[in-house]
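Step one of this worksheet: look at the structure below.
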Amino acid sequence: MEDTAGSNPQSLGFTEKLKSWLSWSWTYVCFIWFGMVLIMIYVLWSPLKLQETLTSASVFLNTLTPKFYVALTGTSSLISGLILIFEWWYFRKYGTSFIEQVSVSHLRPLLGGVESSSTTGLFASVNGEAEHTIHNTTKCKVWRNPLNLFRGAEYNRYTWVTGKEPLTYYDMNLSAQDHQTFFTGDIPQLRPEDAVMQKAWRERNPQARIRAAYQAIEMNHECAAAYVLLAEEEATTITEAERLFKKALSIGCYCFGSGKDINLLVYIKRRLAMCARKLGRIKEAVKMMRDLMKEFPLLGMLNIHENLLEALLELQAYADVQAVLAKYDDISLPKSATICYTSALLKARAVSDKFSPEAASRRGLSTAEMNAVEAIHRAVEFNPHVPKYLLEMKSLILPPEHILKRGDSEAVAYAFFHLQHWKRAEGALNLLHCTWEGTFRIIPYPLEKGHLFYPYPGCTETADRELLPSFHEVSVYPKKELPFFILFTAGLCSFTAMLAMLTHQFPELMGVFAKAFFSTLFAPLGFFADKMESFMPSSFWHQLTRI
């Protein structure tokens with residue numbers, strides 16, 4: 001592409017200027033064309049004897065019988081119905097409109113469009129090997145959001161400003177269950193302060209939870225779980241939350257020994273790393289996350305590597321990001337939007353700064369560009385909701401504390417933290433914009449099948465509506481929108497069928513309407529000719545018609 005661009009830069013610059021000028025002047029060209037049509041009608045009014053033609057047409061319309069209108073509307077309804085049936089059959093079988101496909105593949109290149117049949121195949125086909133994951137049962141499992149925000153310092157601030165609750169009761173109830181099982185689940189006999197904390201997690205009122213935490217501290221000044229709750233919910237800044245987490249770590253680090261204490265230790269260290277990340281100490285956060293993953297390798301279910309990936313992307317340490325992906329982007333491991341889209345971002349970043357759809361349609365995709373397109377298709381098939389947030393076609397909200405993989409909740413959580421990384425890679429969003437919709441053309445239809453992953457779960461919409469607040473419009477998939485031509489044909493068929501029925505029932509009345517319609521249609525031509533003739537001398541029009 002560099003050789004092509006460098007061979008004749010002046011011609012390419014002229015071509016781009018010409019295209020931009022044509023795009024700018026298209027609206028005015030339409031008006032000019034309409035004006036030229038009117039002028040031609042008037043110029044040819046006398047030579048072609050249009051007045052006599054209009055008179056003959058009026059006489060012909062007046063002689064038509066109601067049976068003609070019945071036959072005309074019935075035939076039109078039959079033809080449009082047959083077209084609708086064929087279009088619907090083709091859409092059910094191939095997932096696209098036949099008329100739309102023909103227009104895109106064959107007519108658009110003739111009209112100067114950049115997308116040809118080869119281009120469609122270019123951006124819509126993936127030649128990579130498929131990942132085969134077999135699931136006998138499709139189950140929607142809710143996961144803890146690895147990058148969930150702090151309630152007091154972040155979620156509550158949103159409520160103060162907007163008056164809206166960013167978290168649903170279902171989401172907060174799941175968090176309460178997590179805290180109970182994670183911190184006190186394996187203790188046969190609870191200590192008094194632990195019993196108070198179990199009750200504190202279940203309280204619906206935030207102030208009641210905070211009071212219960214202080215009560216637990218009064219019972220035992222070394223109750224680390226109480227300081228965790230205060231750091232999560234009472235602290236109004238990240239700095240204050242970090243101070244409370246450090247206090248929880250310092251008072252309990254010497255007595256951590258049981259399974260419950262180890263879980264609490266991991267939780268505190270992880271949140272401290274997230275505090276460091278939010279306060280701009282990125283390298284410190286990365287070190288804390290790496291140490292945590294090395295010290296507790298069996299706690300992979302916590303997905304600490306997703307926190308690490310986001311922090312490394314902020315440092316623009318792309319080689320380290322690739323090393324982490326090489327370990328966790330494995331066929332035997334569960335996927336996530338962070339894994340799939342980060343892999344796509346790295347491959348897109350390598351080619352996006354020089355990518356051009358027009359150039360790619362002419363010369364074809366290079367190997368690196370094909371790898372990037374395949375990675376984007378893979379990511380979009382895993383979670384099809386993400387691109388609209390990354391491309392800012394849909395507004396973001398604060399992410400929930402729990403996410404559903406492949407669902408809208410996961411898409412919100414991923415885009416909330418990773419949109420800035422896509423924007424930082426020059427041209428990456430442009431490449432995503434040009435290629436992401438091609439995924440839906442390569443996924444086998446009907447959508448109960450899959451291509452690179454197991455079939456998309458059908459229960460995601462219900463779970464997402466429980467996890468996301470009511471003011472957010474939940475993205476729903478799989479739903480292939482009906483093509484425009486099917487909707488147009490359905491409307492045309494319905495309209496002509498209604499006309500056929502009315503014409504059959506009231507032939508005389510519909511005949512009158514038809515004659516009035518055609519008379520109204522042809523009347524402006526005669527009116528235009530009369531007005532123009534009154535403004536111009538007859539000698540001028542006589543000479544013009546002779547020419």
Side-chain angles (χ1 to χ4, degrees), residues 140-179 201-210 229 232-238 241 274 278 306 310 336-338 341 380 382-423 429 432-433 436 456-481:
C140 287
K141 181 180 179 180
V142 176
W143 298 72
R144 181 81 174 179
N145 182 7
L147 295 169
N148 66 301
L149 305 177
F150 293 85
R151 288 190 185 176
E154 293 173 308
Y155 286 120
N156 284 350
R157 284 181 175 274
Y158 180 84
T159 304
W160 297 338
V161 173
T162 65
K164 298 178 181 178
E165 291 290 343
L167 298 176
T168 64
Y169 173 70
Y170 175 74
D171 191 16
M172 292 190 291
N173 187 48
L174 290 177
S175 298
Q177 296 176 20
D178 291 341
H179 292 138
W201 298 122
R202 293 194 299 266
E203 290 286 352
R204 297 189 62 175
N205 189 336
Q207 296 303 320
R209 291 195 292 270
I210 294 173
L229 189 147
E232 292 283 355
E233 303 208 26
E234 187 184 39
T236 56
T237 63
I238 301 298
M274 295 177 69
K278 292 176 183 292
E306 297 196 8
E310 197 279 328
S336 67
T338 301
Y341 278 91
V380 174
F382 181 83
N383 193 318
H385 310 287
V386 173
K388 286 191 175 181
Y389 293 108
L390 292 180
L391 298 172
E392 299 183 80
M393 300 166 64
K394 192 174 181 182
S395 59
L396 274 172
I397 60 170
L398 294 185
E401 293 183 337
H402 289 80
I403 59 174
L404 184 67
K405 288 191 175 182
R406 307 187 73 179
D408 191 31
S409 52
E410 184 190 35
V412 169
Y414 172 80
F416 185 86
F417 294 100
H418 288 263
L419 176 59
Q420 57 181 331
H421 306 314
W422 279 83
K423 286 185 175 181
L429 289 175
L432 176 68
H433 175 72
W436 74 279
Y456 189 87
C459 59
T460 54
E461 179 183 358
T462 303
D464 277 333
R465 292 190 185 279
E466 294 288 338
L467 291 172
L468 295 168
S470 58
F471 57 82
H472 174 71
E473 183 182 356
V474 175
S475 179
V476 179
Y477 180 87
K479 276 188 178 180
K480 280 196 173 182
E481 296 182 359

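With rounding to the nearest 0.5 angstrom, the OG1 atom of Thr162 is 6.5 Å from the CZ atom of Phe471. From Phe416, atom CZ reaches atom OH of Tyr389 across 13.0 Å, with rounding to the nearest 0.5 Å. In this structure, CD1 on Ile403 lies 11.0 Å from CZ on Arg144, to the nearest 0.5 angstrom. Here OH of Tyr341 is found 11.5 Å from OG of Ser336. Values are rounded to the nearest 0.5 Å. Taken to the nearest 0.5 Å, the CD1 atom of Ile210 stands 11.5 Å off from the CD atom of Glu232. From Ser475, atom OG reaches atom NZ of Lys394 across 4.5 Å, with rounding to the nearest 0.5 Å.
Here the closest non-hydrogen pair linking Leu390 and Leu429 is O-CD2, 3.7 Å. Considering every non-hydrogen atom in both Leu167 and Pro400, the closest pair reads CD2-CA, 4.2 Å. Taking each heavy atom of Asn205 and Gln207 in turn, the nearest pair found is OD1-N, 3.0 Å. In plain terms, the two heavy atoms of Glu310 and Phe417 that are nearest each other are OE2-O, 3.7 Å. In this structure, Leu396 and Leu419 approach most closely via the heavy-atom pair CD1-CD2, 4.4 Å. For the residue pair Trp160 and Gly152, the shortest heavy atom distance occurs at CH2-O, 4.4 Å.
Atom CD of Gln177 is surrounded by more than 12 heavy atoms from other residues, nucleotides or ligands within 6.0 Å.
With a 4.5 Å cut-off on side-chain heavy atoms, Tyr456 and Thr460 count as touching. The side-chain heavy atoms of Arg209 and Trp201, taken from C-beta on, include no pair separated by under 4.5 Å. Residues Pro469 and Lys164 have side chains not in contact (no heavy-atom distance under 4.5 Å, counting atoms from C-beta outward). Pro399 is not listed as a side-chain neighbour of Leu147, based on a closest heavy-atom distance of 4.5 Å or more. Between Val142 and Tyr170 the shortest side-chain heavy-atom distance falls below 4.5 Å. A 4.5 Å side-chain heavy-atom check between Ser409 and His402 finds every atom pair outside the cut-off.
A search for ring pair (Phe, Tyr, Trp, His ring centres under 6.0 Å) contacts involving Trp422 returns nothing, not counting sequence neighbours. By the ring pair (Phe, Tyr, Trp, His ring centres under 6.0 Å) test, His418 is found to be paired with Tyr414, His421, residues two or more places apart in sequence or in another chain being considered. Looking at residues two or more places apart in sequence or on another chain, you find no salt bridge (charged side-chain N to carboxylate O under 4.0 Å, His left out) involving Arg202. Residues that satisfy the salt bridge (charged side-chain N to carboxylate O under 4.0 Å, His left out) test with Glu410, not counting sequence neighbours, are absent from this structure. For Glu306, the salt bridge (charged side-chain N to carboxylate O under 4.0 Å, His left out) criterion is met by no residue, not counting sequence neighbours.
Figure legend: Arg204 and Tyr169 shown as a cation-pi pair, the cationic atom lying under 6.0 angstrom from the six-membered ring centre and within 45 degrees of its axis.
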After noting the C-alpha distance and the side-chain angles of Asp408 and His472, does the key distance pass the side chain to side chain contact (heavy atoms under 4.5 Å, CB included) rule? CA-CA 10 Å; Asp408 191 31; His472 174 71; 3.0 Å; yes
Output, in order, the C-alpha distance, side-chain angles, deciding distance and verdict of side chain to side chain contact (heavy atoms under 4.5 Å, CB included) for Glu392 and Lys423. CA-CA 11 Å; Glu392 299 183 80; Lys423 286 185 175 181; 3.2 Å; yes
What's the verdict on side chain to side chain contact (heavy atoms under 4.5 Å, CB included) for Tyr155 and Leu398, showing C-alpha distance, side-chain angles and the deciding distance? CA-CA 8 Å; Tyr155 286 120; Leu398 294 185; 3.9 Å; yes
Derivation and outcome, side chain to side chain contact (heavy atoms under 4.5 Å, CB included), residues Leu432 and Leu391: CA-CA 8 Å; Leu432 176 68; Leu391 298 172; 4.2 Å; yes
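Identified under the salt bridge (charged side-chain N to carboxylate O under 4.0 Å, His left out) test for residues 145-163, with sequence neighbours left out: Arg151-Glu233, Arg151-Glu401, Glu154-Lys278.
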